K.L.:
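Before I ask anything, here is the structure I am working with.
Just so we're clear, the structure is a prediction, and the values are computed from it rather than from any experiment.
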Amino acid sequence: LAIRSVVDSTIFVIAADSRINGFFEVLLMEVGSGNLSGFQDLSNELTSFFSAATGSKNIAYTGLSMQDAHNPATNSRMKGKATNASFDAFIEDLVKGAQKNGVPTNIIQSIGALVETQRSAVVQQ
């Protein structure tokens, strides 16, 4: 539940961040029209990813690889390829989402280090 709260807060931070919200054009249009299915799917996938990556024994990540998830050629919901700058913006937004939920700084740093290990798969431009 704590990870889901951080993930959901982060998605809302991203939605307001003009540096990267364009990558989520499809999701934002769906939410704007009252369709929350894409939001729920993204929330579930990110929650599973972070849960599994932080050692959960009960939750497995079964989504696309990070490379495929962030490649418009393999994920039609992704609008554009990430750059180092957009990846940095995502990390900043993740930190804001974690801070909104009172996550301690040392845990935020650990999550940031974990996310950083995915840079080469996510950044494709």
Side-chain angles (χ1 to χ4, degrees):
L1 185 58
I3 291 175
R4 173 150 339 257
S5 295
V6 170
V7 165
D8 289 351
S9 293
T10 299
I11 293 171
F12 286 117
V13 172
I14 289 169
D17 187 345
S18 62
R19 297 174 299 170
I20 61 173
N21 62 11
F23 292 109
F24 301 92
E25 180 182 295
V26 173
L27 176 69
L28 295 174
M29 287 189 327
E30 289 171 349
V31 170
S33 68
N35 177 357
L36 299 180
S37 63
F39 174 87
Q40 291 165 340
D41 289 344
L42 179 60
S43 176
N44 289 337
E45 291 295 329
L46 283 173
T47 299
S48 294
F49 174 79
F50 284 119
S51 296
T54 56
S56 173
K57 303 295 182 211
N58 301 321
I59 299 173
Y61 175 71
T62 59
L64 296 171
S65 70
M66 288 299 103
Q67 186 168 7
D68 286 346
H70 295 88
N71 184 346
T74 53
N75 180 2
S76 62
R77 296 180 67 80
M78 186 69 178
K79 298 301 174 193
K81 292 185 176 182
T83 63
N84 277 306
S86 58
F87 190 83
D88 291 342
F90 171 78
I91 291 175
E92 289 174 29
D93 291 350
L94 179 58
V95 168
K96 288 177 186 175
Q99 289 171 333
K100 287 178 180 252
N101 287 275
V103 176
T105 301
N106 64 323
I107 302 295
I108 292 173
Q109 290 170 337
S110 295
I111 292 170
L114 169 71
V115 170
E116 187 61 43
T117 67
Q118 300 300 311
R119 183 180 290 270
S120 64
V122 173
V123 173
Q124 299 177 26
Q125 182 170 316

K.L.:
Would Leu94 and Val6 count as a side chain to side chain contact (heavy atoms under 4.5 Å, CB included) here? Give the steps.
P.N.:
CA-CA 8 Å; Leu94 179 58; Val6 170; 4.3 Å; yes

K.L.:
What heavy-atom pair brings Leu28 and Asn21 nearest, and what distance separates the two atoms?
P.N.:
CD1-O, 3.6 Å

K.L.:
Is a side-chain N or O of Asn75 found less than 3.5 angstrom from the main chain of Asn71, in a donor-acceptor match?
P.N.:
no

K.L.:
Do side-chain atoms of Ser48 reach the backbone of Tyr61 as a donor and acceptor pair under 3.5 angstrom?
P.N.:
no

K.L.:
Can you find a pair of side-chain heavy atoms, one from Val103 and one from Gln99, that are under 4.5 Å apart?
P.N.:
no

K.L.:
Would Leu114 and Ile14 show up in the same hydrophobic cluster when neighbours are defined by side-chain heavy atoms closer than 4.5 Å?
P.N.:
yes

K.L.:
If hydrophobic clusters are built from ILVMFWY residues whose side chains come within less than 4.5 Å, do Val123 and Phe24 share one?
P.N.:
yes

K.L.:
Distance check, rounded to the nearest 0.5 Å: Met66 atom CE versus Thr117 atom OG1?
P.N.:
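Here the interatomic distance stands at 10.0 Å.
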
K.L.:
Indicate yes or no for a side-chain donor-acceptor contact from Ser110 to the backbone of Asn106 under 3.5 Å, with no hydrogens or angles considered.
P.N.:
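A pair under 3.5 Å: yes.
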
K.L.:
Are Ile107 and Phe90 connected into the same hydrophobic cluster when the rule is that any two of I, L, V, M, F, W, Y join if their side-chain heavy atoms are below 4.5 Å apart?
P.N.:
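Shared cluster, yes.
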
K.L.:
Which pair of non-hydrogen atoms, one from Gly22 and one from Lys79, has the smallest distance, and what is that distance?
P.N.:
O-CB, 3.5 Å

K.L.:
Heavy atoms only: give me the nearest Gly97-Thr10 pair and the separation to one decimal.
P.N.:
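So the minimum-distance heavy-atom pair works out to CA-OG1, 3.6 Å.
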
K.L.:
Could you walk me through whether Glu116 and Phe87 pass the side chain to side chain contact (heavy atoms under 4.5 Å, CB included) check?
P.N.:
CA-CA 9 Å; Glu116 187 61 43; Phe87 190 83; 4.1 Å; yes

K.L.:
Treating Ile, Leu, Val, Met, Phe, Trp and Tyr as nodes and any side-chain heavy-atom pair under 4.5 angstrom as an edge, say whether Val13 and Ile111 lie in one connected cluster.
P.N.:
no

K.L.:
Check Arg119 with Asp88, please: is the shortest side-chain N to carboxylate O separation under 4.0 Å?
P.N.:
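Looking at Arg119 together with Asp88, the answer is yes, because their closest N to O distance falls below 4.0 Å.
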
K.L.:
Go through it in stages, so that I can follow the logic: the residues are Phe50 and Val115, the test is side chain to side chain contact (heavy atoms under 4.5 Å, CB included), and I'd like the CA-CA distance, side-chain angles, deciding distance and then a yes or no.
P.N.:
CA-CA 9 Å; Phe50 284 119; Val115 170; 3.6 Å; yes

K.L.:
At what distance, to the nearest 0.5 angstrom, does OG of Ser86 lie from CD of Glu92?
P.N.:
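One gets 11.0 Å once the value is rounded to the nearest 0.5 Å.
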
K.L.:
Using every non-hydrogen atom in the two residues, find where Val26 and Ser76 come nearest and quote the distance to one decimal.
P.N.:
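In terms of heavy atoms, the two residues are closest at CG2-O, 4.5 Å.
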
K.L.:
What heavy-atom pair brings Ile11 and Phe39 nearest, and what distance separates the two atoms?
P.N.:
CG2-CE1, 3.4 Å

K.L.:
Asp17 side chain to Arg19 main-chain N or O, any donor-acceptor pair under 3.5 Å?
P.N.:
yes

K.L.:
Do Ser9 side-chain atoms and Ser5 backbone N/O form a donor-acceptor pair below 3.5 Å?
P.N.:
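Confirmed, Ser9 side chain pairs with Ser5 backbone.
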
K.L.:
Regarding Ser37 and Asn35, is there a side-chain donor-to-acceptor distance under 3.5 Å anywhere?
P.N.:
yes

K.L.:
Between Lys81 and Met78, is there a donor-acceptor pair closer than 3.5 Å when you use the side chain of the first and the backbone of the second?
P.N.:
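Checked: no pair found.
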
K.L.:
If two hydrophobic side chains count as joined below 4.5 Å and joins carry through other members, does Met29 share a cluster with Phe12?
P.N.:
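Per the 4.5 Å side-chain linkage, Met29 and Phe12 are not co-clustered.
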
K.L.:
Looking only at heavy atoms, which two atoms of Thr54 and Ile3 are closest? And how far apart?
P.N.:
OG1-CD1, 4.0 Å

K.L.:
Applying side chain to side chain contact (heavy atoms under 4.5 Å, CB included), run through Leu27 and Arg77 and close with a yes or a no.
P.N.:
CA-CA 8 Å; Leu27 176 69; Arg77 296 180 67 80; 4.1 Å; yes

K.L.:
Closer than 3.5 angstrom, by distance alone: can the side chain of Gln124 be matched with the main-chain N or O of Gln67 as a donor-acceptor pair?
P.N.:
yes

K.L.:
Supply the atom-to-atom distance Arg4 CZ to Leu46 CG, rounded to the nearest 0.5 angstrom.
P.N.:
9.5 Å

